[in-house]
Number of protein chains: 2
Amino acid sequence: MTVSKMSDIDQPKRVPPMEAAPEYAALQMGELSELLGYSLKRAQLKVFEDFLRCMAPLQLTPAQFSVLLLLDHNPGRNQTEIANTLGILRPNFVAMLDALESRDLLTRMRSPNDRRSHVLTLTDKGGATLTRAKKLVATKHEARLIELLGPANHVALLGMLAIIAQDF
Amino acid sequence: MTVSKMSDIDQPKRVPPMEAAPEYAALQMGELSELLGYSLKRAQLKVFEDFLRCMAPLQLTPAQFSVLLLLDHNPGRNQTEIANTLGILRPNFVAMLDALESRDLLTRMRSPNDRRSHVLTLTDKGGATLTRAKKLVATKHEARLIELLGPANHVALLGMLAIIAQDF
DNA sequence: TATTGTTATACTCTATAACTATA
DNA sequence: TATAGTTATAGAGTATAACAATA
């Protein structure tokens, strides 16, 4: 960031490129603008990007956050149940839990009822981290989204996305 | 699919699990239902899945379709311009173009003006494929989405996603 | 025999550095 | 020197098969 004193003479400043201006004319998007999948993908990338920025102090990805949240609301569940609910395949869930467990955010315990399965539980640190994470998401991340769209549109958007996710 | 004759006696049929029913009670989603990024991701996966199904006869992915569409609307552009517009990194664009070119859907030609750059052009086969693809998308894919949401909601959804993709 | 967690593996996407040929 | 296309490579994310322990 360049800082200049108020007394400096005016610079012959050209139009400042706001965000990495290309040297060529913008392309025609054609039917792409009306293609829901395209906008959906682009919007999702932006939202995840912002989520990661807001969550940087806690170093949690969207997927990791969703696991902690689900554990908090569903104590006593095993790996298969949590993974299935989040659309994560069991083999891929193993390394993810290894990472969270090594950070002391959750524990795996053999179930006394069925010694094949692991009961997943948030640790105290995991609970505290989740609390801080939810606060960051609400105040930094979602607040900005609601401001951008307006509260009514935000709710409508959530509703439509839920319909697509469930019924399409 | 099991076929039984009309004259067969009634089977003691249990409740048929509609879509891969889990053996355990559904989990509490907690704040996840209100998290835009989560619904966005889930909806995007569903929409891409359906896109691939509808496009199966033409064997085009969403990304490949977007390239063909952009070439059709922006003749004479080079790889960097197309890739940048679609958010594809130039190194990753190479293999993608190799695949489309080997299927004779587009051509790379050295530009006479600047012999470093390749002008990308749809072949006749590429144009015909794009036409068929657009028809499939409109009649099979988007038609179902519009039916699910209603035309007004569909337009509103597109608008909100565009706002997020651009301004968030 | 079936299921839970796990390992191994592979394939796609994405991201960065560096080369070449041109400018 | 800078840019366009390319190569090589590494890291996520995602997918399937198969094994050990347990039911």
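The model shown is predicted, which means the values in this text are computed figures rather than measured ones. So you know, we letter chains A, B, ... as the sequences are listed, proteins then strands, and number each from 1.
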Exercise. State, to the nearest 10°, the angle formed by the axis through the first five base pairs of the helix from C:dT1-D:dA23 to C:dA23-D:dT1 and the axis through its last five.
Key: 10°

Quiz item: How would you give the extent of chain B contacts on DNA chain D, as first and last nucleotide 5' to 3' within a 4.0 Å heavy-atom cut-off?
Solution: D:dA2 to D:dA8

Self-check item: d(CG, A:Asn92; P, C:dA8) in whole Å
Solution: 15 Å

Quiz item: Sub-3.5 Å donor-acceptor pair from the side chain of B:Ser39 to the main-chain atoms of B:Leu36, do we have one?
Solution: no

Quiz item: With no hydrogens and no angle check, do the side chains of B:Arg90 and B:Asn84 hold a donor and an acceptor under 3.5 Å apart?
Solution: yes

Quiz prompt | A:Asp72 (side chain) donor-acceptor with A:Leu68 (main chain) under 3.5 angstrom | solution = no

Self-check item: Along DNA chain D (nearest heavy atom to each residue), the more 5'-positioned of B:His118 and B:Lys41
Solution: B:His118

Quiz item: Starting at CD1 of A:Ile88 and ending at P of C:dT6, how long is that distance when rounded to a whole Å?
Solution: 14 Å

Practice problem: Starting at atom CG of A:Leu120, determine the distance to atom C1' of C:dT4, rounded to an integer number of angstrom. | Solution: 12 Å

Quiz item: Between A:Val94 and B:Asn113, which is nearer to the 5' end of DNA chain C once each is assigned its nearest nucleotide?
Solution: A:Val94

Quiz item: Between C:dT14 atom C1' and A:Phe48 atom CZ, what is the distance in whole Å?
Solution: 15 Å

Quiz item: Would a distance-only check, ignoring hydrogens and angles, find a side-chain to backbone donor-acceptor pair under 3.5 Å from A:Lys46 to B:Phe168?
Solution: yes

Quiz prompt | Other residues, nucleotides, ligands: >12 heavy atoms within 6.0 Å of B:Asp167 CG | solution = yes

Quiz item: Using a cut-off of 4.0 Å on non-hydrogen atoms, how would the nucleic acid contact of A:Arg115 be classed: base, sugar-phosphate, or nothing?
Solution: sugar-phosphate

Exercise. Answer yes if the side chains of B:His141 and B:Asp50 hold a donor-acceptor pair under 3.5 Å, and no otherwise.
Key: yes

Exercise. Return yes if a side-chain donor-acceptor contact under 3.5 Å exists between A:Arg103 and A:Gln59, otherwise no.
Key: no

Quiz item: Which heavy atom of B:Ala165 sits nearest a heavy atom of A:Ala43, and at what distance?
Solution: CB-N, 4.1 Å

Practice problem: Mind calculating the distance between CZ (B:Arg90) and P (C:dC13) to the nearest angstrom? | Solution: 18 Å

Exercise. Please work out if B:Asp114 contacts a base, only the sugar-phosphate, or nothing of the nucleic acid, heavy-atom cut-off 4.0 Å.
Key: sugar-phosphate

Quiz item: Short question: side chain of A:Thr139, backbone of A:Lys135 - any donor-acceptor pair under 3.5 Å?
Solution: yes

Quiz prompt | Euclidean distance, atom CG of residue A:Leu52 to atom P of C:dT14 [Å, nearest integer] | solution = 15 Å

Quiz prompt | d(CE, B:Met96; C1', C:dT12) in whole Å | solution = 13 Å

Exercise. Let me know, please, whether B:Pro91 or A:Pro91 comes out on the 5' side of the other along DNA chain C by nearest nucleotide.
Key: A:Pro91

Quiz item: Starting at the 5' end of DNA chain D and moving along, which residue's nearest nucleotide shows up first, B:Phe93 or A:Thr61?
Solution: B:Phe93

Quiz item: Does C:dT6 have OP1 or OP2 sitting under 4.0 Å from an N or O in the side chain of A:Arg108?
Solution: yes

Quiz prompt | Distance, rounded to the nearest Å, where A:Leu89 contributes CG and C:dT6 contributes P | solution = 15 Å

Exercise. Check for a donor-acceptor pair, side chain of B:Arg110 on one end and backbone N or O of B:Arg115 on the other, with a separation under 3.5 Å.
Key: yes

